[in-house]
Amino acid sequence: VSLSATCDGASFADKPVAVIGGGDTAVDEALFLAGIASKVTIIHPAEQPTASAALVKRASGNNKIEWITCASATEIIGSGSVEGVRLNNDKQITTAAVFIAIGFEPETALLNGLVQLDSMGHAPVDLHMQTSIPGLFAVGSARQGSSGQISSVTGDGVTAAIFSHRYISGK
C-alpha cells in the first residue's frame with residue numbers, strides 16, 4: 001500500500017496494480033504506473049472521474065489502464081503483501097499493490113486572506129519560495145507547483161531559509 005507511484009512503482013514492474021481515486025493525482029499516478037505495471041486499475045466512487053479532461057483522455061486511451069467506477073475499496077486483501085482489493089459492490093480484483101491517490105487539502109489556512117491562493121488552495125511563490133508578500137515564504141505542499149516529493153520539499157525549505165535570511169538581514 002503506497003501513497004506515491006514515483007517512490008514505489010518500480011517495485012511492481014510487470015505486475016497488476018490498483019489506484020484509488022479519480023482526480024488529477026490519481027490519474028497522474030495511473031499514467032505513470034502504466035509505464036511500469038502490467039495493468040493499472042483505477043477505482044473511483046463516482047461515475048465520472050474528477051480529473052481534468054486532458055488527463056482522463058490520456059488515461060482512457062491507454063490500453064493498460066482500466067476504470068472501475070461507482071465503486072470504492074472496502075478491504076485490502078493479503079497476508080504479508082497485497083493480493084487484492086474487495087470493492088463495495090462485492091467484486092474483488094487481484095492486484096500486487098494499492099496506490100491511494102485521493103488528494104489532500106494543503107495546510108494553507110494561515111495564508112488565507114493574506115495571499116491569493118490558487119483554486120486548489122496553494123500559494124503562488126517565486127523562485128525563492130517567496131509569496132506576493134515580501135518576507136512571507138511558502139514551501140512544500142503549501143506552495144503552488146510542488147511535486148510533493150521529500151527531496152524537492154527539502155530543497156524548498158533550504159531555498160526559503162536562505163532567502164528569508166537574506167530578507168531579514170537586508171541583503
If every non-hydrogen atom of [X] is compared with every non-hydrogen atom of [Y], which pair is closest and at what distance?
X      : Y      : result
Pro106 : Gly121 : CG-O, 3.5 Å
Val19  : Leu33  : CG2-CD1, 3.7 Å
Phe163 : His128 : CZ-CD2, 3.2 Å
Ala37  : Val17  : CB-CG2, 3.8 Å
Gly22  : Pro49  : O-CB, 3.4 Å
Phe137 : Ala160 : CB-CB, 4.1 Å

Hey, what do you get for [atom1] ([X]) to [atom2] ([Y]), rounding to the nearest 0.5 Å?
X      : Y      : atom1 : atom2 : answer
Ser38  : Asp14  : OG    : CG    : 6.5 Å
Thr6   : Glu29  : OG1   : CD    : 5.5 Å
Ser60  : Glu66  : OG    : CD    : 12.0 Å
Ser141 : Glu107 : OG    : CD    : 7.5 Å
Ser4   : Phe32  : OG    : CZ    : 8.0 Å

Any [X] side-chain heavy atom under 4.5 Å of [Y] side chain:
X      : Y      : result
Ile77  : Gln92  : yes
Met129 : Arg143 : yes
Leu136 : Leu111 : yes

Flag yes if [X] and [Y] sit in one hydrophobic cluster, no otherwise; membership is Ile, Leu, Val, Met, Phe, Trp, Tyr, and two members link when side-chain heavy atoms are under 4.5 Å apart.
X      : Y      : answer
Val153 : Met120 : no
Trp67  : Leu31  : yes
Val40  : Leu55  : yes
Val125 : Ile133 : no
Val98  : Phe12  : no

Backbone N or O of [Y] within a donor-acceptor pair of the [X] side chain at under 3.5 Å?
X      : Y      : value
His44  : Gln48  : yes
Asp156 : Gly140 : yes
Thr108 : Ala142 : no
Thr94  : Gly84  : no
Asp126 : Thr131 : no
Lys64  : Lys39  : no

Crowded around Glu75 CD? As in, over 12 foreign heavy atoms under 6.0 Å?
->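 Atom CD in Glu75 is crowded, with more than 12 foreign heavy atoms closer than 6.0 Å.
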
Is the count of non-hydrogen atoms from other residues, nucleotides or ligands lying under 6.0 Å from Glu83 atom CD greater than 12?
->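 Above 12, so yes.
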
Side chain to side chain contact (heavy atoms under 4.5 Å, CB included) between Thr74 and Leu87: does it pass, once the steps are laid out?
-> CA-CA 5 Å; Thr74 58; Leu87 305 176; 5.8 Å; no

Can you name the one residue among Ile42, Val1, Ile102, Thr41 that meets side chain to side chain contact (heavy atoms under 4.5 Å, CB included) with Ile20?
->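 The residue from Ile42, Val1, Ile102, Thr41 that satisfies side chain to side chain contact (heavy atoms under 4.5 Å, CB included) with Ile20 turns out to be Ile102.
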
For Ser72, the option from Asn88, Asn89, Val85 that meets side chain to side chain contact (heavy atoms under 4.5 Å, CB included) |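 With Ser72 as partner, Asn88, Asn89, Val85 yield a single side chain to side chain contact (heavy atoms under 4.5 Å, CB included), made by Asn88.
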
